[in-house]
A.B. asks: 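Before I ask anything, here is the structure I am working with.
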Number of protein chains: 2
Amino acid sequence: MSEVDSFFKSAFSVDNVIFGFDGGDLKVLLIQRGAPPYKGKWALPGDLVYPNEDIDTAAERVLEQLTGLKGVYLEQVKAFGAVNRHPLGRVITIAYYSLVKTNDFQPTPASFAQSAQWHSVGTVEELAFDHNQILQSCLTQLKQKVRIAPIGFELLPPKFTLTELQHLYEAILETELDKRNFRKKILSMNVLHDLDEIQAGVAHRPAKLYQFDQERYTRFLEEGYTFDV
Amino acid sequence: MSEVDSFFKSAFSVDNVIFGFDGGDLKVLLIQRGAPPYKGKWALPGDLVYPNEDIDTAAERVLEQLTGLKGVYLEQVKAFGAVNRHPLGRVITIAYYSLVKTNDFQPTPASFAQSAQWHSVGTVEELAFDHNQILQSCLTQLKQKVRIAPIGFELLPPKFTLTELQHLYEAILETELDKRNFRKKILSMNVLHDLDEIQAGVAHRPAKLYQFDQERYTRFLEEGYTFDV
DNA sequence: TCAAAAGTGTTCTTATTACACCCATGG
DNA sequence: CCATGGGTGTAATAAGAACACTTTTGA
């Protein structure tokens, strides 16, 4: 084997940390590996990148195979490339995270998985490969990003209450927020559209429903507006 | 060729955006390519990752070959993996940036380069591959990071004046800062050690010299301190 | 004595925090 | 009528922004 060939004796994969929110905890969608190595262990969904496929496309493909979803929020975090991270060869992986609405689909284990299941981020067990480390990096990045960009909405249904939004931020940031201050701040950003609708069928005063106003946000961005929770 | 083999018909490289500061502009160290493709064009220093080499190690190696420096600030940004980003095959690259003190070395073109030279970040010409895009990503990340972590000091000599530090921040953040407010803020963080020394040989009132106090910063971090310019 | 950059405080404005009660609904 | 979560305002404090003059040195 020539020297150049040996450089090409390696592969790359993508791993996708799919975040969801069930109203209480921040969740991550894990698969149980259906093939060695680490058969039976929980892991992040991922796959090798096809030779003629962009890495972003590969990440979208992994997401779609597992959830059926297209066009959801997806962001690359970084590459993981320790020599021995994969027991069967040299495989560098590119980590992504996605934000999905848990009600939009039922996870269907893709070819590479025995099963797929939501796990609370706070109580994730030991995962295959270096996936705990990857999850941690994605979580750190999400925490930062959610404060400076209006991406939290990606985890909520199109219509939501302010309390739901607050609980989402509390779950992601792992902190408690003051109800009045949170509402004041989020409403003062002017990117929520008051739908003039209220919850139905709840055993308490029904809350108003809001919607994220993407158009208005885009317009504000052009004027130099910054989102900042 | 089997299907599995075709997955392994690819390589990965690292590219390292080496930032420096000359007192005025933020600089980036570019090489002029000595071999095809893009022979003669300016590019980011980079190299293929050896089969038995961690990607971080590869980035350190590229840096050392070009500068002779070890142990300097180095941070991964992200991977670039469009199918056609490299004209000769499928090559994914992992982008890093480093912060160096320009006075510590003279760049020596490594084997892969005809020459190496500092360029002002603001006036970088068209580079080889997708390197303009990579540079842009690293710059964006540096801008964010420099505000929340005391890494600016990595670009300055061990002893520096507050005005030099301010000019550095102005160059990175592409903004003007108020002298009094900047000094108040940076001194209130208590991570600068006043050396009780002053500049010599300047045709104006000599400035006091300061040093970044890494130990004190580390101690503060443990107490939950956050750096924030 | 001039030019050039160093050094220094105060006021005003804005953002952040802390905090407690009444309201609407379903059971 | 009770339990549950929804909804609201103000005062105190802290952080950020704006701003001008005196000092020290070398030429």
A.B. asks: List for me each residue that meets side chain to side chain contact (heavy atoms under 4.5 Å, CB included) alongside B:L221, sequence neighbours excluded, and say none if there are none.
C.D. replies: B:Y217

A.B. asks: Report the distance from atom CZ of B:F182 to atom P of C:dA6, rounded to the nearest whole Å.
C.D. replies: 12 Å

A.B. asks: Kindly write out the residues that satisfy side chain to side chain contact (heavy atoms under 4.5 Å, CB included) with A:K184, not counting sequence neighbours, or none if the list is empty.
C.D. replies: A:N181

A.B. asks: Starting at atom CG of B:D194, determine the distance to atom C1' of C:dG7, rounded to an integer number of angstrom.
C.D. replies: 13 Å

A.B. asks: What's the spacing between B:Q141 CD and B:E75 CD if we round to 0.5 Å?
C.D. replies: 5.5 Å

A.B. asks: Please round to the nearest 0.5 Å and tell me the distance separating atom OG1 of B:T163 and atom CZ of B:F182.
C.D. replies: 9.0 Å

A.B. asks: Would you give a per-nucleotide map of nucleotides 3-10 of chain D, 5' to 3', where B means the base has a protein non-hydrogen atom under 4.0 Å away, S means only the sugar-phosphate does, and - means neither?
C.D. replies: BBBBBBBB

A.B. asks: Below 4.0 angstrom, which residues in residues 146-160 of chain A have at least one non-hydrogen atom near DNA chain D?
C.D. replies: none

A.B. asks: Hey, could you give me the CG/CG distance between A:L168 and A:L156, rounded to the nearest 0.5 Å?
C.D. replies: 5.0 Å

A.B. asks: With the threshold set at 4.0 Å, does a side-chain nitrogen-carboxylate oxygen contact exist between A:E125 and A:K41?
C.D. replies: no

A.B. asks: If I take atom CG in residue B:L177 and atom P in nucleotide D:dA18, what distance separates them, rounded to the nearest angstrom?
C.D. replies: 11 Å

A.B. asks: Do any pairs count as a salt bridge (Lys or Arg N to Asp or Glu O under 4.0 Å) and have a residue in residues 199-210 of chain B, sequence neighbours left out, and if so which ones?
C.D. replies: B:D194-B:K208

A.B. asks: Distance check, rounded to the nearest 0.5 Å: A:F21 atom CZ versus A:E164 atom CD?
C.D. replies: 8.0 Å

A.B. asks: Tell me which residues in residues 220-229 of chain A lie within less than 4.0 Å of DNA chain C, going by non-hydrogen atoms.
C.D. replies: none

A.B. asks: Check B:P157 against B:K101 and note the closest heavy-atom contact, atom names and distance.
C.D. replies: CA-CD, 4.1 Å

A.B. asks: Do B:F227 and B:F220 have ring centres separated by under 6.0 Å?
C.D. replies: no

A.B. asks: In whole angstrom, give the distance that lies between atom NZ of B:K185 and atom P of D:dA18.
C.D. replies: 13 Å

